[in-house]
Amino acid sequence: MDLSNIYTQMVLEESRNPKNRHDLEGATHEEPGHNPSCGDEITLQLKVKDGIIEDAAFSGQGCAISQASTSIMCDTIRGKSLEEGRELAQNFIGMINGSVTERKELKKLGDARAFESIKNLPARVKCAVLPWYTLEETVKDDK
Ligand SMILES: [Zn+2]
């Protein structure tokens, strides 16, 4: 499997028309995220009920990688519990910094695994992890 090729296709597709970039009706959580080194800005919105992330969307602007990573993250966390969301964030960040390499853990990330090769592009790492750090910040006060 040529991961870098899939990565390129997915990023291009998502960045042209991110399907999760819209205002989220009934949002319970909202958190801005900013990556000054590239100029990426996002606002993440979640709709959480009974500890489950029922829906996720975002607004913002920035490079293709940040926008695509945010949109794919919204797909990845939808329907997951807050606990699972936090775990996924740690897995994603770990995948990029190389501390998480177990196949079992990486598999949970689904399509977000497409960003694994970004660790070879140090200048773009912050773009890819921006939504995941923002997610951690968004839910930090929830039990
Ligand atoms: Zn960027």
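Values below: all heavy atoms of this structure, side chains included; hydrogens, waters and symmetry mates excluded. Here, residue 1 is the first one in the sequence, and each next residue gets the next number. Read the numbers this way: they start at 1 and go in the same order the structure lists the ligands and their atoms.
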*Does the Thr138 side chain pair with the main chain of Glu31, one donor and one acceptor, at a distance under 3.5 Å?*
no
*asked:* Looking at Arg113 and Lys107, would you say the former's side chain and the latter's main chain have a donor-acceptor pair under 3.5 Å?
replied: no
_Steps toward side-chain contact (heavy atoms from CB on, under 4.5 Å) verdict (Glu14, Lys19)_ = CA-CA 7 Å; Glu14 282 292 337; Lys19 59 179 176 291; 2.8 Å; yes
_Contacts of the Zn ion (ligand 1) with protein N/O/S atoms, counting only those under 2.8 Å_ = Cys38 SG, Asp40 OD1, Asp40 OD2, Cys63 SG, Cys127 SG
_Any side-chain heavy-atom pair of Thr70 and Asn20 under 4.5 Å_ = no
*Counting only heavy atoms not in Lys108, do more than 12 sit closer than 6.0 Å to its NZ atom?*
yes
*Any luck finding a side-chain donor-acceptor pair between Gln45 and Glu30 under 3.5 Å?*
yes
